[in-house]
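Values in this document were obtained by computation on a predicted structure and should not be read as measured data.
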Amino acid sequence: MNIHVNCGATQASMLTPATFSDAEFRNALGTFATGVTVITARGADGRAVGLTASSFNSVSIKPALVLWSLGLKAGSLATFKAASHYAIHVLQADQSDLAMRFSRQSEDRFAGLALREGLGGAPLLDGAAAVFECRNHHQHAEGDHIIFVGEVQRLQHVQHAQPLLYHGGKFYTELPLALDGKSTESPLKPSGAFVDHYLSYLLGQANHRIYKGFEAHLAQASLSHIEWRVLAVLHAKKPKTITELGHAILAKQPTVTKLIQRMHANGWVSMESDPGDQRKSLIHATAQGQTLATSLIRKAKLVENEQLARLTAVERESLKGLLKKLVC
């Protein structure tokens, strides 16, 4: 094994101090979509090691060389540095569980898996889109990582395999664009359990996250969730009948009737007969109710903006536009 390590101090002295934070750098890197690999090796003591990595790339066709990198603080670093060979498994779309297994801290990440022995004793996993069995050809220290260059000595791959993708800290099972650059009919679909991409579950979780930050403001105003929804609807200054309010706040008419009576007693709403139908009552927000609603709407917008800060302005409007299509 040919090992070459540059002097870290010399390299560091040549670098220009960054003008951005570690978090900004990490987030920018997250915009680059990659495949997902599990890399395995076996130590001199016979212990198998493995980890999930997206830092994999080709180097050369002739000779057949690939690279990947590992942090200096990784517990398996010493084993990978000393191993004569390692195996790089490119995962398929249905192997997100395997990716998660090898990314978590565990006593034995290989427990219960069917294994075969590869070159240099490196454990080989079943079901990968491709497996590259590599001689530990070259190592290069740079920054807080070691770059491993592997000489591919044996490989296997599945024709037309659907790869597992990694982007923005999440796994995905579909490419966002077709190979010809045209948009596909279906958007990126996150991989994992059913609830991870079940619309009703995702909407519920999103609603809980956004609404949770607003609950304290309602409690401070001594207002219930359903009373807040009534005031938000009536804030447009267009009176509503009991039936219309029921549709707007997703409540049945008897519930709305009792609610309006209570809110009327608190001075937040007023009732008058409908000029077009004396049998119906029209509900208005009083001046007190309007003032309360205006204050809460301002706070609601602040909470919403905080929760949606990770989205661009275009993404926010697209999200709201799609939701409006669903509810209209």
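One side chain, His284 or Glu272, offers a donor N or O that lies under 3.5 Å from an acceptor on the other. Donor-acceptor pairing under 3.5 Å is recorded for the side chains of Ser55 and Ser69. Side-chain contact of His89 with Gln95: a donor-acceptor pair under 3.5 Å is absent, judged by distance alone.
Here the side chain of Ser60 pairs a donor or acceptor atom with the backbone of Lys62 at under 3.5 angstrom. Panel note: side chain Arg104, backbone Arg109; no donor-acceptor pair is recorded below 3.5 Å. Side chain of Asn266 to backbone of Trp268: no donor-acceptor contact under 3.5 angstrom is found. With hydrogens and angles ignored, the 3.5 Å screen pairs a side-chain donor or acceptor of Asn136 with a backbone N or O of Phe80. Distance alone, capped at 3.5 Å, places no donor-acceptor pair between the Thr37 side chain and the Ile88 backbone. Judged by distance alone, with hydrogens and angles left aside, the side-chain atoms of Gln92 form a donor-acceptor pair with the main-chain N or O of Gly127 at under 3.5 Å. Proximity of a side-chain donor or acceptor of Asn305 to a complementary backbone N or O of Lys301 within less than 3.5 Å is detected.
Under the 30°/60° scheme for interplanar angles, the aromatic rings of Tyr211 and His225 are found to be tilted. Taking the six-membered ring where tryptophan is involved, the planes of Phe56 and Phe132 are tilted, since the angle between them lies from 30° to 60°. In this pair, His140 and His138 present their aromatic rings parallel. The plane angle is below 30°, not in the 30 to 60° band. Between Phe148 and Trp68, the two ring planes are parallel [angle under 30°; tilted spans 30° to 60°].
Looking only at side-chain heavy atoms (C-beta outward), Val36 and Ser54 stay at 4.5 Å or farther from each other. For the pair Thr241 and Leu282, the minimum side-chain heavy-atom distance is below 4.5 Å. Taking 4.5 Å as the limit, every side-chain heavy atom of Lys258 sits out of range of all side-chain heavy atoms of Pro254. When side chains are defined from C-beta on, Leu259 does not count as touching Leu245, because their heavy atoms never get closer than 4.5 Å.
Salt bridge Arg262/Glu227: present, at least one basic N to carboxylate O contact under 4.0 Å. A salt bridge links Lys320 with Glu304: the distance from a Lys NZ or Arg NE/NH1/NH2 to an Asp or Glu carboxylate oxygen falls below 4.0 Å. Using a cutoff of 4.0 Å between basic side-chain nitrogens and carboxylate oxygens, Arg116 and Asp126 are scored as salt-bridged.
For Trp228 against Ala293, the heavy-atom pair with the smallest separation is CZ3-O, 4.2 Å. Contact record, Ile226 with Ala251: CD1-CB, 4.1 Å, taken as the closest heavy-atom pair. Residues Ser76 and Leu51 come closest through the heavy atom pair OG-CD2, 3.5 Å. Closest approach of Thr52 to Ser103, counting heavy atoms only: OG1-N, 3.4 Å. Across Lys238 and Leu234, no two heavy atoms sit closer than the pair O-CD2, 4.2 Å.
Taken together through direct or relayed side-chain contacts under 4.5 Å among Ile, Leu, Val, Met, Phe, Trp and Tyr, Ile39 and Leu72 form part of one hydrophobic cluster.
Surrounding CD1 of Ile61 are at most 12 heavy atoms belonging to other residues, nucleotides or ligands under 6.0 Å away. Summarising the local packing, CG of Asp22 is surrounded by 12 or fewer heavy atoms from other residues, nucleotides or ligands at distances under 6.0 Å.
Screening Gln288, Lys240, His264 for a side chain to side chain contact (heavy atoms under 4.5 Å, CB included) involving Val269 leaves a single residue, His264.
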